[in-house]
Amino acid sequence: MPVKRAKYGVWLKFMVTFFILIAALLTIMNIYPMTASRDLVFESKQSSLQNRASVLSSSLAALDTLTVEGVNQVMELLDVIPLDRIIITDDSGRILYDTSIVDSGVGRFALFPEISRALSGSVVFYSKYSDGAFMSRAAAPVTPGGRIIGAVYLYEYDSKQAELIAGIQSNMRSISLSVGALALFLILLFTRALTMRITELVRAMRIVRDGNYDYLLKTKGADEITELGDEFNDMTKRLRNTENLRRRFVSDASHELKTPLASIRLLSDSIAHSEQMSVDTMREFVSDIGTEAERLQRTTEKLLTLTRIDDGALAAKSKVNMKDVAERTLRMLSPLAGERNISLYLNTEKDCFISIYEDDLYRIVFNLIENAIKYNTENGSVTVCISAEDRVAVMTVEDTGVGIPEEDIPHIFSRFYRVDQSRSVEAGGSGLGLSIVRDAAGLYGGSVQVVPGRSRGAEFKVIFPVYDENEDTENENLS
């Protein structure tokens, strides 16, 4: 199946995202300080011009009426800080005083909207930043005794503070461009390094997907991608082990099934091609065919059981007494034990209940006791003990056989593993029984342990959680 390639790489997406973020940040850094600085200048201008206009208005209010001579006398007495233009009008808007050298408007009417609003009783301020300068205007009425007898108009053109702010803005722009270029370069290196590691991880996944389970990533560092790489390596090792187990399982299963099939075919061919075979010999061959067929059936049933367990097909659990299952199993296997004069014993003080599917428990007990009988010695014994300890149910199966070599103990639960190949085949074993015991026990929260017997032989210990009355109550509530 072809792999769908990404239309846009992660690297490009990272770069675009970071570029947008940096551009937005630098834009804010350039706009906000300048805007805030201008607002501060506007506030300063408003306070300064309105205060001056108020001082002039208060001084001129001492006159009963405003005339050119009276206004000039007052202005000569006042120590007014120089401004670009000061205009004083009477109540009709006629200019009585004007500091403009270029265009003095004395005697003419002032047509400024600020003066018109001041003559109507309002205090006016207006300022703007344009063409590299702050242009500010303020106007206030002259009101002696509540009467409006004229207006004061102030105008200031300030290019120095504008140049200062423009210089700061230019420096901020240069710094922003330098920082932005450096940030983009660092982000380029970072995203490139990051995406190269991701690309290497993707490449490794494709290699493993193609079946090379020996390939491992070389990880370094202590970040999340390193952790992801370690998890990938661990997963690859698990896949390799699983694949090895699968191949071994297929090989062993094929061998186990091929042997009885080959025997059946050989015996049936012998019968078919022999024209003078005696009845006794034919019966012996047919009996052997039946034996091999039974062996084939047992192996197939155990493989099906393992498949169900591997699929996690947890059957309906119920309250099961381990003592009853052990007694029934011992009765079933007593003829097999009798053939070899093996004694069977059951030691249990009281009933011991667990939550399990009864047939699965029967398989566990049956396989353990059957193995203990098959691999025992003549006139030996098998002892089954059941007890409850610390909220767990424990069943031990101990035999008096030759035991299990210590080097084989870690492998006895592996499928198709036999401690003694010749003895196992002779006993009719398939190497699947202990795998069924371990996997079935684990399906219900149990475990299996093997230890050397107290005298000789081997002892298997199966541990389950004891039956919990609350479990049925919870299941009933859920249903």
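Just so you know, these numbers use all the heavy atoms, side chains as well, and skip hydrogens, waters and symmetry mates.
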If we ignore hydrogens and angles and just use 3.5 Å, is the side chain of [X] paired with the main-chain N or O of [Y] as donor and acceptor?
| X | Y | result |
| --- | --- | --- |
| T143 | G146 | no |
| S178 | S174 | yes |
| D90 | G93 | yes |
| T89 | G150 | no |
| T236 | F232 | yes |
| N212 | V208 | no |
| T27 | A23 | yes |
| S57 | A53 | no |
| N321 | C352 | yes |

For the residue pair [X] and [Y], establish whether any side-chain heavy-atom pair is separated by less than 4.5 Å.
| X | Y | value |
| --- | --- | --- |
| N51 | V55 | no |
| M75 | L56 | yes |
| I386 | N347 | no |
| T396 | F460 | no |
| R137 | L154 | no |
| M205 | E200 | no |

To the nearest 0.5 Å, how far apart are [atom1] in [X] and [atom2] in [Y]?
| X | Y | atom1 | atom2 | answer |
| --- | --- | --- | --- | --- |
| L96 | E69 | CG | CD | 9.5 Å |
| S170 | I175 | OG | CD1 | 9.5 Å |
| L66 | D91 | CG | CG | 8.0 Å |
| D230 | N233 | CG | CG | 6.5 Å |
| D351 | D324 | CG | CG | 6.5 Å |
| I149 | S92 | CD1 | OG | 12.0 Å |

*With L368 as reference, evaluate M395, K461, R363 under the side chain to side chain contact (heavy atoms under 4.5 Å, CB included) test and give the passing residue.*
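When M395, K461, R363 are each tested with L368, the side chain to side chain contact (heavy atoms under 4.5 Å, CB included) holds only for M395.
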_Evaluation steps, salt bridge (Lys or Arg N to Asp or Glu O under 4.0 Å), between K160 and E163_ = CA-CA 5 Å; K160 292 183 179 179; E163 289 176 1; over 6 Å; no
*Tell me, with the steps shown, if K45 and Q161 meet side chain to side chain contact (heavy atoms under 4.5 Å, CB included).*
CA-CA 11 Å; K45 296 294 184 184; Q161 292 195 58; 3.4 Å; yes
*Go through the steps for R85 and D98 under the test side chain to side chain contact (heavy atoms under 4.5 Å, CB included), then give the verdict.*
CA-CA 7 Å; R85 191 171 189 180; D98 189 355; 2.7 Å; yes
*Does CZ in R238 sit with more than 12 non-hydrogen atoms of other residues, nucleotides or ligands closer than 6.0 Å?*
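Not buried by this count: 12 neighbours or fewer within 6.0 Å.
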_Would you say CG of N171 has more than 12 non-hydrogen atoms from neighbouring residues, nucleotides or ligands within 6.0 angstrom?_
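Enclosed: over 12 neighbouring heavy atoms sit under 6.0 Å from CG of N171.
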What are the two closest non-hydrogen atoms of [X] and [Y], and how far apart are they?
| X | Y | result |
| --- | --- | --- |
| L60 | I88 | CD1-CD1, 3.5 Å |
| V320 | L361 | CG1-CD2, 3.7 Å |
| D399 | G457 | OD1-CA, 3.4 Å |
| A118 | A139 | CB-CB, 3.9 Å |
| F125 | A138 | CD1-CB, 4.1 Å |
| T329 | I369 | CG2-CD1, 4.0 Å |

_Enumerate the ring pair (Phe, Tyr, Trp, His ring centres under 6.0 Å) contacts for residues 151-178, please, sequence neighbours excluded, ordered by first and then second residue._
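Listed by first then second residue: F112-Y153.
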_Does this structure show an ion pair linking D64 with R147, if we count only N-O contacts that are shorter than 4.0 Å?_
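A salt bridge links D64 with R147.
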*Give every residue pair that meets the side-chain hydrogen bond (donor to acceptor under 3.5 Å, both in side chains) criterion with at least one member in residues 113-124, sequence neighbours excluded.*
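Residue pairs passing side-chain hydrogen bond (donor to acceptor under 3.5 Å, both in side chains), neighbours aside: none found.
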_Would you say the ring centers of F42 and Y129 fall short of 6.0 Å from each other?_
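Between F42 and Y129, the centre distance exceeds or equals 6.0 Å.
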*Under the side-chain hydrogen bond (donor to acceptor under 3.5 Å, both in side chains) criterion, do N72 and Y97 qualify, and how do the steps go?*
CA-CA 7 Å; N72 285 327; Y97 181 85; 5.6 Å; no
*asked:* Evaluate V325 against V365 for side chain to side chain contact (heavy atoms under 4.5 Å, CB included), listing each step before the verdict.
replied: CA-CA 8 Å; V325 175; V365 179; 4.2 Å; yes
*Set of residues satisfying side chain to side chain donor-acceptor pair (under 3.5 Å) with respect to S136, sequence neighbours excluded*: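 So S136 forms a side chain to side chain donor-acceptor pair (under 3.5 Å) with S127.
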*asked:* R206 vs Y215, test: side-chain hydrogen bond (donor to acceptor under 3.5 Å, both in side chains). Steps then yes/no.
replied: CA-CA 10 Å; R206 290 172 180 158; Y215 185 84; over 6 Å; no
*Verify salt bridge (Lys or Arg N to Asp or Glu O under 4.0 Å) between R38 and E43, making sure each step is shown before the conclusion.*
CA-CA 9 Å; R38 290 175 188 174; E43 292 178 2; over 6 Å; no
*asked:* Between L83 and T99, does the side chain to side chain contact (heavy atoms under 4.5 Å, CB included) criterion hold? Intermediate values first, please.
replied: CA-CA 9 Å; L83 292 172; T99 59; over 6 Å; no
